[in-house]
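Sequence lines set the chain letters: A, B, ... in the order given, protein chains first and strands last, and positions in each chain run from 1.
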Amino acid sequence: MAKDGRKLVEAITPMDADFAQWYTDIVKKAELADYASVRGCMIIRPYGYAIWENIQRELDRRFKETGHENVSMPMFIPESLLQKEKDHVEGFAPEVAWVTHGGTEKLAERLCVRPTSETLFCDHYKDIIQSWRDLPKLYNQWCSVVRWEKTTRPFLRSVEFQWQEGHTVHATEEEAQEETLRMLDTYASFCEDFLAIPVLKGQKTEKEKFAGAKATYTIEAMMHDGKALQSGTSHNFGDGFAKAFGIQFTDRDNQLKYGQQTSWGMSTRIIGAIIMVHGDDSGLKLPPRVAPVQLIIVPVQSQVQGVKEKAEELKAALSRICRVKIDESDKQPGWKFAEHEMRGVPIRLEVGPKDILKEQVVLVRRDSREKLFVPMAELESTVMKVLEDIQASMFARALELRESRTTTAVSMPEFTAQLDGRQGFIKAMWCGERACEEAIKEKTAATARLMPFDQTPVGETCVCCGKPAKRLVVWGRAY
RNA sequence: CGGGGUGUAGCGCAGGUUGGUAGCGCGCUUGGUUCGGGACCAAGAGGCCGGAAGUUCGAGUCUUCUCACUCCGACCA
């Protein structure tokens with residue numbers, strides 16, 4: 001046994017001491033990711049990638065349920081193609097990486113490494129869409145993209161990141177809008193049901209919307225330190241890109257019309273959200289549905305006759321209902337307890353000679369650390385119930401945190417005071433003028449996270465200028 | 001991109017002001033004893049001190065330049 005608990009305490013910086021360091025510690029100690037030899041790029045390690053695979057599997061299933069198909073586009077975009085849509089190129093040009101040579105030969109036209117693939121999809125769509133019968137086109141791709149970010153952090157912002165990008169074309173504005181909101185809902189319910197992360201849904205302001213979009217919708221989550229993280233976006237492009245790229249079709253009325261487009265994406269950044277919403281000073285805390293290992297069996301006194309065999313037997317039985325592993329390493333039990341807690345495994349099962357005699361096992365919940373003594377006969381049903389309960393209570397806890405850190409402000413002094421105290425979301429009315437949005441950012445470092453769909457007003461005048469308010473906005477400092 | 005901090009063994013650090021050929025803890029390997037909240041004993045392995053140039057008989061240490069990480073801002077998933 002250890003002489004003291006010092007090492008445990010040293011392993012992870014406490015959240016309250018330094019949240020940023022706490023985050024980095026978890027990423028490294030839980031072996032989610034590591035730094036690569038290229039600045040700002042990361043290596044997603046097996047445990048982190050297993051989380052991503054679970055996210056992919058579930059999202060992909062939901063995309064296909066709503067009629068989407070997967071494709072694969074090139075990773076290079078010719079400069080001329082990138083430049084076809086004015087706002088889009090202005091938005092992304094500062095952060096694209098360029099390929100100028102093929103082997104030793106200089107290319108006639110340089111190629112950018114995709115920062116996003118709108119232009120590639122559009123270029124393809126213009127060729128394959130002729131008639132209303134060709135619509136809608138509901139494509140998605142899983143890939144990585146490159147944006148030459150200046151400051152980077154694992155998962156939250158890296159030069160290259162994994163994501164999925166959906167790109168669709170529709171015959172009418174109504175259909176495109178419907179699709180945009182459908183996918184926003186898909187993201188929202190995915191976050192809430194699967195990741196136990198409560199999100200706010202709404203629209204971005206003009207200033208914050210995607211380069212080239214008519215409207216951008218977002219889901220925003222609150223991290224444990226009260227800061228916001230944009231967790232998924234869905235854009236309605238209208239016919240802006242279609243006009244720039246010539247995506248036209250003949251409609252039922254024999255009129256030539258432009259396609260109405262959408263795009264939507266979610267990235268590995270969401271793993272950062274899982275860490276920062278659920279984690280604690282002992283490490284990662286994974287919601288059962290996304291956890292690569294849902295239950296870890298720790299045999300105690302495994303040198304004693306029958307313990308290993310019992311552990312194997314339990315694993316076989318539990319494998320039918322959840323993702324289970326046995327820790328058979330020759331570490332001390334106490335070491336294993338701490339290790340799997342740090343890695344966020346939802347349930348630990350301890351089984352030793354005493355348990356075998358009593359025909360029971362010990363279950364310990366990662367979320368509440370509650371210890372349950374469960375008769376072998378009831379194990380499977382109990383595990384299923386506990387997994388569901390952990391999932392639900394993690395969501396409830398995250399929601400409670402967000403609610404407790406969401407306030408309203410009707411004046412700037414009030415706004416500033418609240419943000420300087422306990423950081424969180426602030427609901428405040430806004431006149432709709434960009435000048436006010438910028439003034440608030442200047443004074444408080446808070447940005448307009450979104451204009452929530454729930455527009456229940458908290459006042460009548462703009463929190464900044466005092467003129468009549470047009471919209472309710474949720475403000476916050478963001479990652 | 002502006003301002004600060006840090007680069008020495010896998011990880012965390014000492015050594016640096018006073019230049020002399022590298023040390024501690026954890027981890028790792030092997031053997032043994034252990035095992036219900038990060039065990040113990042013994043014997044080992046592992047580093048041209050982020051990189052380059054310079055000063056010097058001699059550089060982890062001094063000078064210059066670079067690169068990376070990190071925090072705080074500005075910009076973005």
Side-chain angles (χ1 to χ4, degrees), chain A residues 1-13 18-21 23-25 28-29 31 34-42 91-96 115-116 144-165 187 204 207-211 216 218-221 228-235 263-273 282-283 298-304 307 329-342 348-356 358 361-362 364 369 371 373 441-442 445 447 477-479:
Chain A
M1 293 300 97
K3 286 175 189 157
D4 53 50
R6 198 157 37 87
K7 265 186 297 174
L8 179 60
V9 177
E10 276 173 4
I12 299 170
T13 306
D18 184 345
F19 194 78
Q21 189 59 51
Y23 175 82
T24 311
D25 283 350
K28 293 210 73 174
K29 301 260 159 61
E31 299 183 345
D34 213 338
Y35 295 103
S37 54
V38 182
R39 183 196 68 84
C41 293
M42 65 171 173
F92 284 101
E95 53 182 16
V96 296
T116 178
S144 74
V145 291
V146 169
R147 299 180 189 177
W148 218 258
E149 300 286 353
K150 283 158 189 161
T151 52
T152 60
R153 303 190 64 190
F155 294 115
L156 298 176
R157 180 171 301 109
S158 48
V159 165
E160 181 186 12
F161 59 90
Q162 305 284 324
W163 76 347
Q164 88 16 247
E165 46 179 329
Y187 287 146
K204 285 282 186 193
K207 181 175 182 290
E208 302 282 335
K209 80 175 188 189
F210 180 82
T216 289
T218 180
I219 52 171
E220 298 280 327
L229 187 77
Q230 179 174 306
S231 304
T233 47
S234 186
H235 316 285
S263 91
W264 26 276
M266 182 174 270
S267 74
T268 42
R269 166 179 264 199
I270 200 71
I271 296 173
S282 299
V298 179
V300 176
Q301 306 235 6
S302 56
Q303 80 287 2
V304 172
V307 172
S329 68
D330 57 4
K331 300 282 191 195
Q332 297 287 110
W335 191 94
K336 294 179 184 178
F337 297 167
E339 178 70 8
H340 297 292
E341 269 170 23
M342 192 199 39
R348 175 175 79 242
L349 185 156
E350 300 171 20
V351 59
K354 288 187 218 165
D355 303 304
I356 295 173
K358 293 188 204 162
V361 296
V362 180
V364 182
R369 292 171 193 275
K371 215 170 215 185
F373 298 87
K441 185 172 182 181
E442 179 78 21
T447 50
R477 292 186 184 140
Y479 275 99

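On the C1' atoms, rU8(B) is 12 Å away from rC24(B), given to the nearest whole Å. The same atom, P, is picked in rC28(B) and in rC11(B); the two are 14 Å apart, to the nearest Å. Annotation: rG4(B) and rU61(B) have their C1' atoms spaced 24 Å apart (nearest Å). When the C1' atom is compared between rU34(B) and rC40(B), the two are found 8 Å apart, to the nearest whole Å. rC35(B) sits 16 Å from rC41(B) when the P atoms are compared, rounded to a whole Å. With P as the reference atom, rU6(B) and rG46(B) are 32 Å apart, rounded to whole Å.
Nucleotide rG38(B) holds its P atom 14 Å from the CZ atom of Arg369(A), rounded to whole Å. Atoms NZ (Lys28(A)) and P (rG12(B)) sit 7 Å apart, rounded to a whole Å. Spacing between atom NZ of Lys336(A) and atom C1' of rC35(B) amounts to 9 Å, rounded to whole angstrom units. Note: NZ (Lys29(A)) to P (rC26(B)) measures 16 Å, nearest angstrom. rG37(B) atom P lies 17 Å from atom CD of Glu339(A), rounded to whole Å. If you take CG of Asp330(A) and P of rU29(B), they are 8 Å apart, rounded to a whole angstrom. Put simply, CD on Gln332(A) is 5 Å from P on rA39(B), counting in whole angstrom units. The distance between atom CG of Asp34(A) and atom P of rG10(B), rounded to the nearest whole Å, is 13 Å.
Using a 4.0 Å heavy-atom criterion, one finds that Gly352(A) contacts the bases of the nucleic acid, with or without backbone contacts as well. Among the atoms of the strands shown, base atoms are found under 4.0 Å from some heavy atom of Pro353(A). Residue contacts shown for Gly40(A) are limited to sugar-phosphate atoms, with no base heavy atom under 4.0 Å away. Using a 4.0 Å heavy-atom cutoff across all strands shown, Val362(A) reaches at least one base atom of the nucleic acid. Lys354(A) comes within 4.0 angstrom of a nucleotide base, judged by non-hydrogen atoms across all strands.
At distances below 3.5 Å, at least one donor-acceptor pair connects side-chain atoms of Thr216(A) with backbone N or O atoms of Phe210(A).
Counting only Watson-Crick and G-U wobble pairs whose two distances sit under 3.5 Å, RNA chain B takes part in these stems of three or more pairs: B:1-7 with B:67-73, B:10-13 with B:23-26, B:28-33 with B:39-44, B:50-54 with B:62-66.
Between the side chain of Arg348(A) and the base of rG37(B), a donor-acceptor pair under 3.5 Å is found. Taking only distance into account, the side chain of Glu341(A) meets the base of rG37(B) through a donor-acceptor pair shorter than 3.5 Å.
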Please table the atom pairs, donor to acceptor, closer than 3.5 Å between any side-chain atom in residues 150-158 of chain A and protein atoms at least two apart or in another chain.
| unit_1 | atom_1 | unit_2 | atom_2 | d |
| --- | --- | --- | --- | --- |
| Arg153(A) | NH2 | Ala20(A) | O | 3.4 |
| Ser158(A) | OG | Glu160(A) | O | 2.8 |

Protein heavy-atom contacts under 4.0 Å, written 5' to 3' over nucleotides 70-77 of chain B as B (base), S (sugar-phosphate only) or - (none), form the string SS-BBSBB

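Taking a 6.0 Å sphere around CD of Gln303(A), one finds it holds more than 12 heavy atoms contributed by other residues, nucleotides or ligands.
Between Lys204(A) and Glu220(A) there is a salt bridge, with a side-chain nitrogen of the basic residue lying less than 4.0 Å from a carboxylate oxygen of the acidic one.
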